[in-house]
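Worksheet: the structure to be examined is printed underneath.
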Amino acid sequence: MKEVPLGIEIVMSIVGIIQSLSGIPQIISLLKQKTSVEVSLLTWSIVFGGCCFWTLYGIYLFKISIMLYGISGVLVTGTIVFLTIKYRR
């Protein structure tokens with residue numbers, strides 16, 4: 001496997017974290033509205049599962065950029081799934 005240059009690894013780590021943070025507005029909305037009627041539990045559960053697998057893949061390859069994307073995604077999407085279940089009426 002070809003080694004990824006450090007500069008690309010750093011840039012992709014930042015991109016992965018920023019992309020994972022895109023769920024924060026959903027978290028804020030859930031916390032403010034205290035309802036999750038309009039949030040798709042299935043969609044966010046699938047995204048959460050995908051982030052879990054990306055984390056494992058990053059650990060397997062020992063690629064920091066993939067691990068950071070996966071871990072930050074697990075935290076954000078896991079929070080969304082939790083709040084969606086908590087505020088489901």
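Treat the numbers as computed from the prediction; the structure is a model and nothing was measured.
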| task | Any chance you could measure Leu21, atom CG, to Leu75, atom CG, to the nearest 0.5 Å? | result | 10.0 Å
| query | Would you find a donor on one side and an acceptor on the other, under 3.5 Å apart, between the side chain of Arg88 and the backbone of Ser36? | reply | yes
| request: State whether a side-chain donor-acceptor pair under 3.5 Å links Ser72 with Ser20. | output: yes
| field | Test item: Ile8 and Pro5 side chains (from C-beta on) under 4.5 Å apart, heavy atoms | value | yes
| query | What is the minimum heavy-atom distance between Glu9 and Ser65, and which atoms define it? | reply | OE2-N, 2.9 Å
| message | If hydrophobic clusters are built by linking Ile, Leu, Val, Met, Phe, Trp and Tyr wherever their side-chain heavy atoms come under 4.5 Å apart, do Met12 and Ile18 end up in the same one? | response | no
| message | Quick check: is Ile14 connected to Leu6 through a chain of hydrophobic side chains (ILVMFWY, heavy atoms under 4.5 Å apart)? | response | yes
| Residues which pass side chain to side chain contact (heavy atoms under 4.5 Å, CB included) with Gln33, listed by chain and number, not counting sequence neighbours | Ser29, Thr35
| field | Pairs involving residues 42-56, ordered by first then second residue, that meet side chain to side chain donor-acceptor pair (under 3.5 Å) (sequence neighbours left out) | value | Ser40-Thr43
| Would a hydrophobic clustering, with Ile, Leu, Val, Met, Phe, Trp and Tyr connected at side-chain separations under 4.5 Å, put Ile17 with Leu61? | no
| query | Quick one: do Phe48 and Phe82 end up in the same hydrophobic cluster if we chain Ile, Leu, Val, Met, Phe, Trp and Tyr together by side-chain heavy atoms under 4.5 Å apart? | reply | yes
| Are there more than 12 heavy atoms of other residues, nucleotides or ligands under 6.0 Å from atom NZ of Lys32? | no
| When clusters are formed by joining ILVMFWY residues with side-chain heavy atoms under 4.5 Å apart, either directly or through shared neighbours, do Val15 and Leu68 land in the same one? | no
| Got a second to check how far Ser13's OG is from Tyr69's OH, nearest 0.5 Å? | 13.0 Å
| task | Test side chain to side chain contact (heavy atoms under 4.5 Å, CB included) on Tyr57 and Lys63 and set out the steps. | result | CA-CA 9 Å; Tyr57 184 58; Lys63 292 291 181 189; over 6 Å; no
| said: Nearest 0.5 angstrom please: Leu41 CG to Ile46 CD1, how far? | reply: 9.5 Å
| Is any side-chain heavy atom of Ile80 less than 4.5 Å from a side-chain heavy atom of Leu83? | no
| message | As an exercise, state the distance from CD of Gln26 to CD of Glu38, rounded to the nearest 0.5 Å. | response | 9.5 Å
| query | Going from CG on Leu31 to OG1 on Thr79, what distance comes out if it is rounded to the nearest 0.5 angstrom? | reply | 9.0 Å
